[in-house]
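Below: the structure, in structure tokens.
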Amino acid sequence: MPTASRKYGTTAFGVGLDKFRPLETILSYDDFDLGFHGWTELTTNYQQDTVAIFPGSEFKIDLRPPMLSSATFPILGTHGAMNGTYSLKLATRARAAGAGEGIMPGSFAQCVKRLTWQDLGRVQFEMWFTYKPEADRPGVGENELRAFGVLWDIQDSQHRYFPAVRYLNAADGVMKQKWQFAQARAVSDEEWSGGVATTVSEDLKSAHGPQRGVDPQWYGRRYRDGSTDGFRDVPEGGQKLCYNESFNKINWHYLRFLVDTSTRAYVELQCNDRTFNLRGVQPTLADAYARIWNLLNLALWVEADTNRRCFLFVDSLVISTGPSRARPTRRRGKGR
Amino acid sequence: MKQIHTAVLERNGSFSEDFATEPYEAGWAEEAIFFVKIDDVEGIDPALTAQVQVSPDGMTWMNEGTPLPAVKQAGGIFTRVRHFGNWLRLTCQVSGTDANFSGTIFLCLKG
């Protein structure tokens, strides 16, 4: 099957795109030397009759604005990006709750890009990234960043679901360094999200809350070992990434995350030299929501483990699509 | 065409003591405006004052020299800054008896 780099050639985008392995159709190539490309802070929903968030969503009002960073650090000065000067930077505040507690506002930075899909099939996210806690104090700091992750938020004619992967780096200061995928444990919707309303119903007359599986980066009980009701370990998913030897040195990493919306299933996760086979694994399916038909959102997040700011830097990324290899596509949504 | 971006540094915050906005990298921009939108004010003789600060590393902060006009009631106020290097923040002081300000702080960048 032709790859996009063969299709477009390296001359169309230069070396910037050639370091990716996109599928046939590139929906978005986001080089952060050129702007934000629609990546914006995620904000929570509002009630129908008042400009007020839903009670219980307080931790979602401070997911921190992303910035275009030159990766300027103390002692060293400016790193710049992998190519060019700027990367997209997610930054937490200098705070965190314990790994077994609920999310403290500001300790969790998340941004989102909002798209819709045309055909069911494979969708792939790739990025060159790095991560670091703030170099504001002595100490290597590797065990002060809890996790970072990538999340698809997809809706077809029947279901909303969230294929997501995260790198659990540390929990309460204990190194974990493993990949996990989102798949909810067998808990009730009440146990999953606390029964709080988060979205207005289709008829505007009521509101409902997240079912089990929705927004796994936040919901589901959290445990002191860093596990949650929303994520499970990738088999043989331990991977020690190049953090470097000091608090002010960064190295760029490659990530590729492939899912198939025609089967509503994970396919593959790659980080640097490791490729994890996730074929046959399904994210948790929730009922479709009003107003988000054909939703194809992508989110990135980073989470602090201590009272030290934590950062995720993304040099560039590519979102691409292609036909499913599992079965014929064009299972179009009907009967809404 | 120039780039422009507005970041919400504090959203519906409640400010009753001195604070600073989170460090924000803006080296790509040539000009910036800090907007402070106050929705509600409480206390006796409340006043919110602020100064723009710059930094070489996002940790060592110095007054850039641009103050924000004192805020004493609900409403909007802003201050402009140029030639700021990379890092920007607004450091704010709250004075008065039982003073509290509720509102939002925006940083609008263009370059």
Side-chain angles (χ1 to χ4, degrees), chain A residues 32-44 46 51-53 57-58 60-81 84-95 105-107 109 111 132 134-137 247-248 308-311 313, chain B residues 1-15 17-40 53-62 74 81 84-92 102-111:
Chain A
F32 295 106
D33 279 304
L34 303 175
F36 281 85
H37 296 281
W39 287 90
T40 185
E41 178 183 355
L42 185 71
T43 53
T44 189
Y46 286 77
V51 185
I53 66 170
S57 293
E58 288 77 10
K60 291 188 275 184
I61 64 169
D62 191 20
L63 293 167
R64 308 309 304 148
M67 62 191 92
L68 296 180
S69 169
S70 57
T72 297
F73 282 34
I75 305 173
L76 182 139
T78 295
H79 282 86
T85 299
Y86 298 107
S87 54
L88 183 74
K89 176 182 173 183
L90 286 71
T92 72
R93 292 182 190 264
R95 63 177 61 155
S107 69
C111 62
K132 215 72 184 178
E134 190 171 40
D136 65 337
R137 66 195 74 180
F247 54 34
N248 67 345
R308 192 170 182 171
R309 291 185 181 92
C310 287
F311 310 130
F313 301 87
Chain B
M1 189 175 290
K2 290 183 178 180
Q3 301 281 331
I4 190 163
H5 186 77
T6 298
V8 179
L9 302 181
E10 296 285 346
R11 178 177 293 106
N12 299 334
S14 180
F15 313 115
E17 55 188 31
D18 297 353
F19 69 101
T21 60
E22 287 291 291
Y24 200 86
E25 292 195 57
W28 58 270
E30 294 178 356
E31 60 185 67
I33 300 180
F34 282 98
F35 290 97
V36 177
K37 182 173 79 74
I38 297 298
D39 302 317
D40 190 41
Q53 290 195 317
V54 293
S55 171
D57 55 11
M59 278 163 263
T60 309
W61 294 95
M62 304 158 217
V81 61
F84 43 76
N86 183 45
W87 297 92
L88 277 173
R89 77 173 186 179
L90 200 61
T91 181
C92 305
S102 301
T104 297
I105 299 177
F106 305 86
L107 175 59
C108 181
L109 300 163
K110 186 189 292 183

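Convention: sequence-line order gives letters A, B, ...; per-chain numbering from 1. On a predicted model such as this, the values are computed, not experimentally measured, just so you know.
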Practice task
May I ask you to decide whether B:Glu10 forms a salt bridge with A:Arg93, counting only side-chain N to carboxylate O separations under 4.0 Å?
Solution key: yes
Problem - Lys/Arg N to Asp/Glu carboxylate O, A:Lys89 vs B:Glu25, below 4.0 Å - result: yes
Which atoms of [X] are under 4.5 Å from chain B, going by heavy atoms: the side chain, the backbone, both sets, or neither?
{"X": "A:Ala71", "value": "backbone"}
{"X": "A:Thr78", "value": "neither"}
{"X": "A:Leu34", "value": "backbone"}

Problem - chain B contacts, top residue of A:Ala135, A:Ser69, A:Gly35 (heavy-atom pairs, under 4.5 Å) - result: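 Maximum pair count with chain B is reached by A:Ser69.
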Exercise for the section: Please confirm whether the backbone N or O of A:Pro65 pairs with a side-chain atom of B:Tyr24, one donor and one acceptor, at under 3.5 Å? Expected result: no
Handout entry: Whether A:Arg64 side chain and B:Glu22 backbone form a donor-acceptor pair below 3.5 Å
Key =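 Looks like no, no N/O pair under 3.5 Å.
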Handout entry: Interatomic distance, B:Asp57 atom CG to A:Leu76 atom CG [nearest 0.5 angstrom]
Key = 11.5 Å
Practice task
Measure the CG-CD distance between B:Asn12 and A:Glu58 for me, rounded to the nearest 0.5 Å.
Solution key: 11.5 Å
Completion exercise
Sequence neighbours excluded, the answer for ring-ring contact (aromatic ring centres under 6.0 Å, His included) partners of B:Phe19 is B:Phe15
Handout entry: A:Thr72 to B:Pro56 - nearest heavy-atom pair and separation
Key = CG2-O, 3.6 Å
Handout entry: Nearest heavy atoms of B:Val8 and A:Glu41, plus distance in Å
Key =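 That would be O-OE1, 4.1 Å.
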Problem - B:Pro23, part contacting chain A, at a heavy-atom distance under 4.5 Å - result: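 Both the backbone and the side chain of B:Pro23 come within 4.5 Å of chain A.
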Practice task
Please work out which of the three classes, parallel, tilted or perpendicular, describes the rings of A:Phe36 and B:His5, given edges at 30° and 60°.
Solution key: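 Taking A:Phe36 first and then B:His5, their aromatic rings lie parallel (interplane angle under 30°).
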